[in-house]
Structure formats: C-alpha cells, structure tokens
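Shown next, in structure tokens, is the structure this report addresses.
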Amino acid sequence: MAATINISSDFSEQASINSTKPVTIKSLSESGLTSIPSSFASKTLQDLPVLDSSEDAIPILDFSLLSSSNSKQRQKAIQDLGQACEEWGCFLLINHGIPESLINSVMEGVKGFFDLSDEEKREFQGKNIFDPIRCGSSFNTAAEKVHCWRDFFKVFVHPDFHFPHKPSGFSDTAFEYVKRIREIASELLKGVSESLGLEPNYISKAMNMESSFQVFIANLYPPCPEPELAVGIPPHSDHGFLTILSENGINGLQTLHNGNWVKLNPPLNALMVNTADLLEILSNGKYKSNVHRAVLYSNATRITMATSNGPSFEQVIISPAAELVNETHPPAYTSCTYRQFYELHQSNSVDMKSALDRIRILT
Ligand SMILES: O=C(O)CCC(=O)C(=O)O
Ligand SMILES: [Fe+2]
C-alpha cells in the first residue's frame, strides 16, 4: 500500500499526494496509483458471503400495479410492497414511468459535474452538513477512520430547489427528475401506509409530505487499484423514508440479507429502492432500514444518483405511529425531528445503523 494521504469531505482543506495538487478521488485515481493509500483500507470487505441475485432473489415490484384500477391487483401490489419492506428493506422497481431519456440526461449532467476541474467544483464545496449544495470526497473525513473511494455532491432539492449552475442545462433536467422521483415516493408511501394497516394518506398527512425534505446525492466511484481492499461506501442505512437510486449501467450496490451480501443487479431502466431509518421509526421497527454498501472496480467508473425522500425537515416530530404501538409493541425509538436525525446521521462516520442506534429504546 502507498503512503497515507489526507483528503477532506469538502474541497476546502485538501492535502495532496506530495503536496502538489488537490485530491479528489477522481484525480487520485487518474494519478496512476497502483495501490491504495492505507487510509482507504477497509477491514470488513471480505467478512460475509456475497450472493448473486439469482441465489437470493431481491423483490422486483411493478410500480404501475400500485395504481391499478383492478382492486385485487392493487391489493396484491400493496401486499408485495409490505413484504419487500419487511423481509428485505429494498426492492427493484420496474414500470415506474420515468423516461429513460430523462434518467440518461441527468446522468450526463452528473458526469459533466464530476468532470469540472477541482477549481470549478470548489465553488460548490459547502462548509457544513446543512449547506444546501455540498460536494466533496469520502463521507465525513473529520470523523472517519477509513475513507471511502468516492466523490459526491449532495443537494437539497425540496421543498426549495437548490442546484449547481454547472454544467449548463443540468439543473433543469434534474428539477424534472427529482419531481418525478417525489411522485413515485409519494405513491410508494401511500402503499406503505396501507401495508401497515394505516389509511393511504397517513404518512402524507402526518409527515407533511407537501414540504417533504428531498436530497439528491450523486456518487462517483472511480477505478480503484485494489477494489478488494477499499470500499465505495461502507455498510450503512440511509436517513429518510425511501432512497431511490439509479446507476450508469455498472452494478455495485449490495444489500445485507440474512447474513449475506446480495448484489442488486437491476434490469435495464429499473430503479433501486431502499427503506431508510425514519421509516423504521415510523413503523415502530416493523420495516427495518436497509443496510447496504457500494463496491468498486479496478477498470470501471461507477456513477449513481441516490435521491433521499423524507418528511418535512423541521415541522413534524417523527415517532412510531400511535396505531402501531401497543403493550406487545412499546415504542422502540425516541421522537425527533428530521433535522435532528439528519445531524446525527451526517456528522459521524458512515457505519451500519449508528445514528438510529442512538435513539433506539433498549428494553
Ligand atoms: O452508490 C450506491 O450504490 C449507494 C449509494 C448510497 O448508499 C448512498 O448514497 O447513500
Ligand atoms: Fe446509502
């Protein structure tokens, strides 16, 4: 392994290899390293068996059936959705209605953004986790022991739409894309409410989804000289209700299921959906947030777009739904606002369900 280097979550204080130029993971990868700096060596990559989806089949849900006029078909779709949330915490979504051309053009914008020079990106670096536009490397270099082989940008896109103004036209296509993702999340959350025995608009009303907090996260995983030693993102769960992802045709997301890592190899144009921590809280633990990770390649660049969809950031208190609390199921989490939870989630290292574990009520 090569010498240790320092990187920064944002681009403000980046040290460099040999102190000659700033380091993003992209530029580190392009510098022709043949081994990873020791600060990227993850100890946990080989810990559990990795299965193909043919060995343990991740649910594939047909989005169009959730709004079917045939009530039997719709009920079955809701039941399948509930089962996927309960048994997997993730699923693949087909027939979601977002045109492939729209997904492709947002992906082009993401590529264009990562291709900006480090100097140009600096304009968008952000200083803290509540900045609406923030780009950087790894996850939170101030708190983490092992860095992620990943560059990212994160943008708050709802209720107020923020977006980088470069590359040109990117913001317009992204606006349309996140709106379509919000509509899908809203329909899925209706189904989730029903699958929990609540009325269809329960989550929408109780969580003030009209001002739902939505974050668009673009991830770049450049080729890594030692993909068996480094990690794109280590095992973690997400912070909102549902994260909806698409990728650039290179698979690399794995989900933890029954003690194995299972590869998500989505069919062309399918979206990947993860249940996240706030849904685990709201369902009082019935639906577990999905633990997942992203792996790397030595010869391919993987790009993903993960859109996190959650409740209103400050206006509601998230707690287990009263209807799901009883003597046998006492409240399993303390209440919080999304803002409080987001801070817990983003200001530590990315590590399993560490944020949720801090508000879990132990019995
Ligand atoms: O890029 C991926 O496959 C996963 C990304 C992810 O887990 C995240 O952004 O939270
Ligand atoms: Fe994630």
Side-chain angles (χ1 to χ4, degrees), residues 9 25-26 42 44-45 50 53 58 88-93 103 106-107 110-111 113-114 129 134-140 144 147-157 177-178 181 185 213-224 227 230-257 261-266 270-280 288-297 300-310 341-342 344-356:
S9 290
I25 304 304
K26 182 168 182 287
S42 166
T44 58
L45 259 178
V50 179
S53 44
I58 292 176
W88 279 85
C90 80
F91 52 90
L92 303 170
L93 195 64
I103 299 179
V106 187
M107 189 59 87
V110 168
K111 267 191 215 143
F113 181 88
F114 285 121
I129 57 164
R134 189 158 65 96
C135 69
S137 297
S138 194
F139 182 79
N140 179 0
E144 67 202 11
H147 298 322
C148 319
W149 194 265
R150 162 208 192 216
D151 293 328
F152 70 85
F153 70 89
K154 289 186 192 184
V155 195
F156 298 173
V157 289
Y177 177 74
V178 296
I181 292 283
F213 182 58
Q214 191 186 32
V215 189
F216 177 84
I217 303 130
N219 297 299
L220 178 83
Y221 308 102
C224 175
V231 69
I233 300 198
H236 70 282
S237 55
D238 297 339
H239 46 75
F241 282 149
L242 296 172
T243 307
I244 303 183
L245 293 105
S246 53
E247 62 191 1
N248 66 336
I250 308 284
N251 303 150
L253 182 59
Q254 299 182 349
T255 181
L256 190 58
H257 187 240
W261 288 111
V262 184
K263 295 180 189 173
L264 274 87
N265 294 341
L271 296 169
M272 298 170 274
V273 184
N274 285 331
T275 59
D277 291 339
L278 296 186
L279 193 57
E280 179 167 333
K288 304 277 188 292
S289 60
N290 175 37
V291 173
H292 53 283
R293 68 179 184 180
V295 299
L296 302 165
Y297 297 94
T301 295
R302 179 162 182 262
I303 302 180
T304 65
M305 310 191 291
T307 312
S308 164
N309 301 273
F341 191 75
Y342 187 77
L344 270 185
H345 191 278
Q346 298 281 299
S347 51
N348 291 301
S349 60
V350 55
D351 177 25
M352 299 299 284
K353 295 168 79 148
S354 54
L356 194 59

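The residues of the chain are indexed from 1 along the displayed sequence. We count ligands from 1, going down the list as the structure has it; atoms in each ligand are counted the same way.
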- Task: Assess K154 against F156: is NZ or CZ under 6.0 Å from the centre of the six-membered ring, and within 45 degrees of the ring's axis?
- Result: no
- Should S137 and I25 count as side-chain neighbours, where that means a heavy-atom distance under 4.5 Å? yes
- Item | For atom 6 (C) of ligand 1, the protein heavy atom that lies nearest, with its residue and separation | I233 CD1, 3.7 Å
- Task: Could you tell me if any non-hydrogen atom of H236 lies under 4.0 Å from any atom of ligand 1?
- Result: yes
- Could you tell me whether the side chain of M352 reaches within less than 4.5 Å of the side chain of H236, counting heavy atoms only? no
- Task: Of the side chain and backbone of D238, name the one, both, or neither that has a heavy atom under 4.0 Å from an atom of ligand 1.
- Result: side chain
- Query: Can you find a pair of side-chain heavy atoms, one from M272 and one from I244, that are under 4.5 Å apart?
  - Reply: no
- Message: Between ligand 1 and R302, can you find any atom pair, the residue atom being a heavy atom, that is separated by under 4.0 Å?
- Response: yes
- Message: Just to be sure I read this right, does ligand 1 sit under 4.0 Å from the backbone of Y221, its side chain, both, or neither, counting only heavy atoms?
- Response: side chain
- Query: Going by the atom numbers of ligand 1, which of them fall below 4.0 Å from some non-hydrogen atom of T304?
  - Reply: 1 (O), 2 (C), 3 (O)
- For the Fe ion (ligand 2), find the closest N/O/S atom belonging to D238 and write down its atom name. OD1
- Might you point out which heavy atoms bring L242 and A185 nearest each other, and give the distance in Å? CD1-O, 4.2 Å
- atom 9 (O) of ligand 1 - nearest protein heavy atom and its distance: N219 ND2, 3.1 Å
- Side-chain (Y297) to main-chain (P222) donor-acceptor, under 3.5 angstrom: no
- Item | Angular separation of H236 NE2 and H292 NE2 about the Fe ion (ligand 2), given to 10° | 90°
